[in-house]
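Only one structure is covered here, and it is reproduced in the block below.
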Amino acid sequence: QEDLFKKIISHCKEYGFVFPSSEIYDGLGAVYDYGQYGVELKNNIKTLWWKSMTLLHDNVVGIDSAIFMHPRIWQASGHVDAFNDPLIDNKDSKKRYRADVLIEDYLAKIEDKIEKEVAKAAKRFGDSFNAELYKETNPRVLGYKEEYQSTLKAFTKALTEGDLEGVRQIIIDKKIVCPISGTANWTEVRQFNLMFATEMGSTAEGASKIYLRPETAQGIFVNYLNVQKTGRMKLPFGIAQIGKAFRNEIVARQFIFRMREFEQMEMQFFVAPGEEMKWFEYWKQSRMAFHKALGMGDTKYRFHDHEKLAHYANAATDIEFEMPFGFKEVEGIHSRTDYDLKRHEEYSGKKLRYFDATTEESYVPYVVETSIGVDRLFLSIMCGAYCEEPTDNGETRTVLRLPAALAPIKLAVLPLVRKDGLDEKAKEVVQDLRFDFTCQYDEKDSIGKRYRRQDAIGTPYCITIDNQTMEDNTVTIRDRDTMEQHRVAIADLRKEIMAKVDM
Ligand code: ATP
């Protein structure tokens, strides 16, 4: 699995999806650039999400707020005081870790043990096996569960009380070792703020410290009344936004999974108090359906309901995807109560109430949010799509089984040979279709090599212009996944392909 992940990372680089940032200067930690195919895939992902939010819901609209915001916003949101991660250094490897990440890894290992135990028993007992019952009764599983619960409880308590020594003690008691050096030689735990700061205005005028936003959500909260009033929105309604966010992550690891500059797609759904659980459930199911519709396989996704809730949340879950390095959070769905809007009322001194004309009441709405990282979704799609498979002639082909609607190039147009007018004919076809979907003309190398190149970037369809084309205006169309070909009239291409690649 480690190997697979390495292969995916080098595939991303070799085929122009993702490059390390500033590479000729030896890179910049946890910052990445998207290449010629990466940017197309990323744009398609964003468009799909945007459409799923705004087109498919009467009551969700979008905004695009600035990255720079008034510094008091980050006090109101709690980020100045609380957007802190507990850090711990390993004395031997001299590597720095987030204490919460270490503990989560430890808890994930216990979950793994439970799953393995259940899988083993399932094999032993065969058809009559009842996994749920086994989990409730088997002493070994119960022991693991107990261990999980008590560690989680102790950790949550220490963290919420700001008891950094307590956090350290758990790491030591549980014999958590450094992933690199394998030693348990830890320093004390310190708090570290993840926000990047810069200065606005020249120093002569008295520059003020401002932050690069660590999430896009606050831009939505502070605009909620603007949108509600100008859009004459009635509760419940949502505001969606896509934009860059910045976090000075300590443990920058796992490629684009955890970056210092990344992109978020967030949607805040404003509801009447008391309605939030219904909508939390709605968005939970709706977002899971979005992921499953990508066709990566339903078993690759699972919910991870939070047991340790942030103090302002009354429900929270993550949608996790099975990456080559385990199930990992891709999206968070949180019921945030009226915490954020109330804090902004308090810090701005402005009322942020909604007037409900039917009940003639005014109140601060509750919020259910869905929050997903574009880059993490990109990574999950890459991991789900990457495939190496044997071909009939005994070779291996690498194919990206991307959903056709997301593929960077939808159609490759390939003249079988570069003579007898086949190349001109191919260029004509591209000219005719280029406004409908992304097409690529390729005449270099053997036809087999050209197919492989298109497979590797996930192009769902290749058409070949051959001698017969010159006689009857038909082409062969090749399907990326089945590698099957059939003939189709050039005049029917647009309709046939559009039906498959349209979002
Ligand atoms: P994590 O626990 O992995 O740090 P988080 O719980 O802090 O994530 P949120 O603050 O809920 O994440 O952000 C919402 C989403 O934004 C995440 O589900 C993830 O997809 C994305 N995200 C957060 N931090 C990063 C990052 N450093 N790089 C890439 N994507 C990120």
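Here the structure is a predicted model, which is why all the values come from computation and not from measurement. Order of appearance sets the numbers: ligands from 1, and atoms from 1 within every ligand. Throughout, residue positions are numbered sequentially from 1 according to the sequence presented.
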Any side chain to side chain donor-acceptor pair (under 3.5 Å) pairs touching residues 8-22, not counting sequence neighbours?
->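 Found Lys13-Glu23.
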Cation-pi, Tyr34 ring and Lys42 (6.0 angstrom, 45 degrees) |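 That pair qualifies as a cation-pi contact.
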Are any of the N/O atoms on [X], whether in the backbone or the side chain, positioned under 3.5 angstrom from an N/O atom of ligand 1?
X: Phe262; value: no
X: Gln264; value: yes
X: Glu329; value: yes
X: Gly373; value: yes
X: Met259; value: yes

Please verify whether a non-hydrogen atom of [X] lies at under 4.0 Å from ligand 1.
X: Arg98; result: yes
X: Glu331; result: yes
X: Asp375; result: no

Just which atoms of ligand 1 are under 4.0 Å from any heavy atom in [X]?
X: Glu249; value: 24 (N), 26 (C), 27 (N)
X: Arg258; value: 1 (P), 3 (O), 4 (O), 26 (C), 27 (N), 28 (N)
X: Ser371; value: 13 (O), 14 (C), 15 (C), 18 (O)
X: Val330; value: 18 (O), 19 (C), 20 (O)
X: Phe257; value: 28 (N), 29 (C), 30 (N)

Ser181-Asn90 side chain donor-acceptor pair, cut-off 3.5 Å |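 Yes, because at least one side-chain N or O of Ser181 sits under 3.5 Å from a partner of the opposite role on Asn90.
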Do Gln440 and Thr459 get their side chains close enough for a donor-acceptor pair, meaning under 3.5 Å?
->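 Not at all, the side chains of Gln440 and Thr459 share no donor-acceptor pair under 3.5 Å.
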Begin from the C-alpha positions of Arg260 and Asn248 and carry the test side chain to side chain contact (heavy atoms under 4.5 Å, CB included) through to its verdict.
-> CA-CA 5 Å; Arg260 296 203 168 101; Asn248 198 0; 3.5 Å; yes
Euclidean distance, Ile319 CD1 relative to Ile372 CD1, rounded to 0.5 Å =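 These two atoms lie 7.0 Å from each other.
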How far does CG of Leu377 sit from CH2 of Trp49, to the nearest 0.5 angstrom?
->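 Rounded to the nearest 0.5 Å, the CG-CH2 separation comes to 11.0 Å.
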For the residue pair Val364 and Tyr354, establish whether any side-chain heavy-atom pair is separated by less than 4.5 Å.
->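 Result no, sub-4.5 Å side-chain heavy-atom pair not found.
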Under a 4.0 Å N-O cut-off, is there an ion pair linking Glu276 with Arg336?
->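 Looking at Glu276 and Arg336, the cut-off is not met.
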With heavy atoms under 4.0 Å as the rule, classify the contact between Arg376 and ligand 1 as side chain, backbone, both or neither.
->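 Side chain only.
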